[in-house]
Protein chains: 2
Amino acid sequence: MNMSASTQLLKAQQLRITDMRIKVLDLFLSHQEALSQNDLENSLGEADRITLYRTLRTFEESGLIHKAIDGTDKQKYALCKHTQCKPNQHFDHHAHFHCDDCGKTTCVEEIAAPILSPPPGFSISKTHLVIHGTCSNCQVAS
Amino acid sequence: MNMSASTQLLKAQQLRITDMRIKVLDLFLSHQEALSQNDLENSLGEADRITLYRTLRTFEESGLIHKAIDGTDKQKYALCKHTQCKPNQHFDHHAHFHCDDCGKTTCVEEIAAPILSPPPGFSISKTHLVIHGTCSNCQVAS
DNA sequence: TATTTTTTGAAACATTGTTGCAATTAAAAC
DNA sequence: GTTTTAATTGCAACAATGTTTCAAAAAATA
Ligand SMILES: [Mn+2]
Ligand SMILES: [Mn+2]
Ligand SMILES: [Zn+2]
Ligand SMILES: [Zn+2]
């Protein structure tokens with residue numbers, strides 16, 4: 001029995017194998033950039049919006065995907081590349097690049113979010129580094 | 001004739017002085033933390049939602065306020081403290097702190113967003129530094 | 001005060017977030 | 001392989017937010 005990559009990932013997180021989860025995970029596996037709920041809906045066709053919403057929440061809680069914060073009003077998600085990511089404990093500390101031109105958001109593994117000393121009285125749980133600009137794709141095209 | 005601070009700011013940006021604009025600007029002037037559209041609606045009472053939306057857009061374009069990116073799905077705005085901020089050209093490079101506890105987002109002028117060299121083929125227009133954690137207010141309370 | 005130009009408010013529509021609940025399905029037990 | 005159990009789905013329903021259009025109202029200017 002030939003287990004696909006997505007099935008394996010779901011198994012590893014002890015998540016039930018369902019059509020929606022496989023499809024969504026396949027989409028993440030086959031895309032370089034972070035995907036919004038809308039991106040996914042378009043690719044999925046007639047899938048249920050609410051189920052997709054819950055799938056994303058489940059994946060994020062499981063440590064399969066993480067939010068790619070890019071300063072837009074749309075939530076985007078990308079695959080966690082670190083297998084250490086566990087339920088409600090992510091280890092993705094890389095920057096996210098958002099192209100002002102094409103609107104795509106990508107993980108930049110080479111650039112890490114800075115580690116900061118908190119101002120007095122504050123404590124820091126996580127930092128996000130968001131970069132805006134033009135991606136290499138759009139650079140050529142302009 | 002006694003011009004209020006908000007009136008002066010509007011004048012300086014060559015914006016028409018209207019009730020909504022004065023009220024909204026007054027709210028920003030009297031609040032330390034970044035405000036969401038919802039925060040403002042609550043404070044304004046019976047104000048028109050659409051007008052508020054457009055007021056915020058106008059203020060941002062004028063350089064009066066800037067988005068306080070905090071990784072939540074809600075857009076928040078804060079007053080630009082740098083008078084250099086011009087229409088569609090902001091000079092706010094500070095970090096934003098988001099408290100996981102109370103949900104408030106504040107500008108951290110003391111911490112600057114890092115200046116990065118772009119990956120090959122990319123160009124950078126702006127970087128945002130988002131810090132999550134617990135604010136001094138919530139720290140004591142816990 | 002009259003004229004011009006901008007802003008407002010209402011309607012209308014789209015997108016996204018979120019819960020409750022019954023029907024369906026996956027995994028586990030037999 | 002069938003039955004049981006437990007999780008997931010799909011739908012209805014609602015809230016919040018984003019966004020445009022257009023006529024009425026208001027602000028700046030003459
Ligand atoms: Mn990422
Ligand atoms: Mn700020
Ligand atoms: Zn691009
Ligand atoms: Zn707090």
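Every chain is numbered from 1, with letters handed out A, B, ... down the list of sequences.
Taking atom CG of Leu10(A) as the reference point, atom P of dA26(C) lies 13 Å away to the nearest angstrom. Remark: P of dT8(D) and NZ of Lys23(A) are 17 Å apart, rounded to the nearest angstrom. Atom P of nucleotide dT7(C) and atom CD of Gln13(B) are separated by 13 Å, given to the nearest angstrom.
Taking the six-membered ring where the residue is Trp, the centroids of Phe97(A) and Phe122(B) are separated by under 6.0 Å. Proximity of the aromatic rings of His128(A) and His96(A) is defined here by a centroid distance below 6.0 angstrom, and this criterion is not met.
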Give me, pair by pair, the N or O atoms of the protein and of nucleotides 15-18 of chain D that are less than 3.5 Å apart, along with how far apart they are.
from, atom 1, to, atom 2, distance (Å)
dT17(D), OP2, Asn38(B), ND2, 3.3
dG18(D), OP2, Gln37(B), OE1, 2.9
dG18(D), N7, Arg49(B), NH1, 3.2
dG18(D), O6, Arg49(B), NH2, 3.0

Filtered N/O pairs between nucleotides 27-30 of chain D and protein, under 3.5 Å:
from, atom 1, to, atom 2, distance (Å)
dA27(D), N3, Arg16(B), NH1, 3.0
dA28(D), OP1, Ile17(B), N, 2.8

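A donor-acceptor contact shorter than 3.5 Å links the side chain of Ser125(B) to the backbone of His132(A). When atom types are taken as modelled, the side chain of Thr106(A) and the backbone of Glu33(A) share no donor-acceptor pair closer than 3.5 angstrom. A distance-only check finds a donor-acceptor pair linking the side chain of Ser43(B) to the backbone of Asp39(B) [under 3.5 Å].
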Verdict with reasoning, Arg49(B) to Gln37(B), per side-chain contact (heavy atoms from CB on, under 4.5 Å)
CA-CA 9 Å; Arg49(B) 191 176 71 85; Gln37(B) 177 149 351; 4.1 Å; yes

Determine whether Leu44(B) and Lys23(B) satisfy the following criterion, side-chain contact (heavy atoms from CB on, under 4.5 Å), listing intermediate values before the conclusion.
CA-CA 8 Å; Leu44(B) 286 170; Lys23(B) 280 182 194 160; 3.7 Å; yes

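Distances shorter than 4.0 Å separate some side-chain N or O of Arg57(B) from OP1 or OP2 on dT20(D).
A donor-acceptor contact under 3.5 angstrom links the side-chain atoms of Arg54(A) to the base of dG10(D).
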